[in-house]
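Just so we're clear, the structure is a prediction, and the values are computed from it rather than from any experiment. When reading the values below, keep in mind they use all heavy atoms of this one structure, side chains included, and skip hydrogens, waters and symmetry mates. Just so it is clear: chains get the letters A, B, ... in the order the sequence lines come, proteins before strands, and each one is counted from 1.
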Number of protein chains: 2
Amino acid sequence: MHRLILDGPPGLEKEGTSMSTDRTAGTVVTAADYETCPVTRVLRRVGDKWTPAVIRLLAAGVHGFNELDRSIEGISRRMLTRTLRTLEDEGFVSRRTPAAKAMRVEYALTELGESLREQLFALGRWAEAHDTALRAARDKG
Amino acid sequence: MHRLILDGPPGLEKEGTSMSTDRTAGTVVTAADYETCPVTRVLRRVGDKWTPAVIRLLAAGVHGFNELDRSIEGISRRMLTRTLRTLEDEGFVSRRTPAAKAMRVEYALTELGESLREQLFALGRWAEAHDTALRAARDKG
DNA sequence: CCGTATCCGTAACGATACTG
DNA sequence: CAGTATCGTTACGGATACGG
């Protein structure tokens, strides 16, 4: 009911398995899908400019604000803050201040964030496998 | 060399397996990564507003322009055109005019597009599996 | 049926300066 | 070290009207 990108009608995964009954008339993507569907939500988040880099670095063990800042070429502190805050709001990143270690903050992937990272790495492996085709289309344009 | 979201240093997939040698100093995401990395490119494409819906419907057997237009609530012809053109440029969608069938055009997923769709559906299953956690964070914000 | 052209508003992003 | 505040620019998307 609230899924956008997810299994369509049964037998549709591989087209033509069942001789298409031609019931395309009722297929509609509603506006409500865009508010409720968790997939599109995640896609939009991960489709922004800096989120992939931040997730990658957090997974690689970079935890401090300025460390992150220095590790991502071209990012501004403003955008790094915004990106981290949003990831925090969505539950992908945790923020803690070690206390006693003044002027220090530690960002890290939550369990959910780590789970998301796995998905992104999987997409990375897919992109790697289809690198030739992806670049071919890109170079033609 | 040109990967952004993809396997980091060996032994990093599961943190702490090897006692961290603390070599975080050289970890940098360069600006060049953003131009060359096929993952971020795909993420930005799929993170736009209408691409997921279009891919979903093409996979479901909707092929005509106005069919797509009518099947996606709220989309304008302008944005549908732009979305389709971009997907075509990236090699995910094919466009053909049946010829003799005047005033008719057929959009479809290419093999690469079908491959991408599988990845998105996989992400959909992930989102479904983590639905509770995803909504929990969202509702707190 | 399948688009293009034009204009406009908003949101994302960048640059720079300042602060606890 | 870890941010905020302010301002300007650019990209994305919506509305509307027109054309092949």
Side-chain angles (χ1 to χ4, degrees), chain A residues 24-25 29-31 33-35 40-41 43-54 57-58 62-90 93-108, chain B residues 24-25 29-31 33-35 40-54 57-58 62-90 93-108 141:
Chain A
T24 61
V29 176
T30 71
D33 289 333
Y34 283 95
E35 294 150 20
T40 51
R41 188 184 182 84
L43 285 177
R44 292 206 79 129
R45 189 71 10 245
V46 136
D48 73 7
K49 186 160 186 180
W50 302 111
T51 292
V54 168
L57 287 169
L58 290 179
V62 181
H63 299 298
F65 185 89
N66 278 2
E67 281 178 276
L68 289 165
D69 192 28
R70 274 181 275 103
S71 300
I72 305 173
E73 184 182 6
I75 199 174
S76 62
R77 287 192 296 280
R78 170 181 142 81
M79 287 315 295
L80 179 55
T81 302
R82 287 174 60 96
T83 303
L84 286 167
R85 289 285 177 278
T86 306
L87 285 170
E88 211 186 332
D89 291 344
E90 306 266 349
V93 162
S94 65
R95 177 186 190 276
R96 54 182 291 269
T97 75
K101 276 289 181 186
M103 300 292 97
R104 168 72 182 176
V105 69
E106 303 254 336
Y107 291 98
Chain B
T24 61
V29 176
T30 70
D33 288 334
Y34 284 94
E35 294 150 19
T40 50
R41 188 183 184 85
V42 168
L43 285 176
R44 292 207 78 131
R45 189 72 10 246
V46 136
D48 74 7
K49 187 161 185 180
W50 302 112
T51 292
V54 168
L57 287 170
L58 289 179
V62 180
H63 299 299
F65 185 90
N66 277 3
E67 280 179 275
L68 289 165
D69 193 27
R70 273 181 275 104
S71 299
I72 304 174
E73 184 182 7
I75 199 173
S76 63
R77 288 192 295 280
R78 170 182 142 81
M79 288 314 295
L80 180 55
T81 303
R82 286 173 60 97
T83 304
L84 286 167
R85 288 286 176 277
T86 306
L87 286 170
E88 211 186 331
D89 291 345
E90 306 264 348
V93 163
S94 65
R95 177 186 191 274
R96 54 181 292 268
T97 75
K101 276 289 185 188
M103 298 294 97
R104 170 69 182 177
V105 68
E106 303 254 335
Y107 291 99

Its contact letters, B for base, S for sugar-phosphate only and - for none at protein heavy atoms under 4.0 Å, make nucleotides 5-19 of chain D read -B------BBB-BB-

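- Across its full length, the helix from C/dC1-D/dG20 to C/dG20-D/dC1 shows an angle of 50° between the axes of its 5 terminal pairs at either end, rounded to 10 degrees.
- Between B/P98 and B/E106, the shortest heavy-atom contact is CG-CG, 3.6 Å.
- B/V54 is not listed as a side-chain neighbour of B/Y107, based on a closest heavy-atom distance of 4.5 Å or more.
- Rounded to an integer number of Å, the gap from CZ of B/R70 to P of C/dG3 is 14 Å.
- For the residue pair B/R45 and B/T51, the shortest heavy atom distance occurs at O-OG1, 3.4 Å.
- Between B/R95 and C/dG3 there is a side-chain N or O to OP1 or OP2 distance below 4.0 Å.
- Atom NE2 in A/H63 sits about 17 Å away from atom C1' in D/dA2, given to the nearest Å.
- Every pair passing salt bridge (charged side-chain N to carboxylate O under 4.0 Å, His left out) that includes a residue from residues 74-86 of chain A is listed here, sequence neighbours excluded: A/R85-A/E88.
- Counting only distance, with no hydrogens or angles, the side chain of B/E67 and the backbone of B/V62 share no donor-acceptor pair below 3.5 Å.
- OP1 or OP2 of C/dG3 lies within a sub-4.0 Å distance of a side-chain N or O belonging to B/Y107.
- In this structure the side chain of B/V105 reaches within 4.5 angstrom of the side chain of B/R95, judged on heavy atoms.
- With rounding to whole Å, A/L84 atom CG is found 11 Å from D/dA2 atom P.
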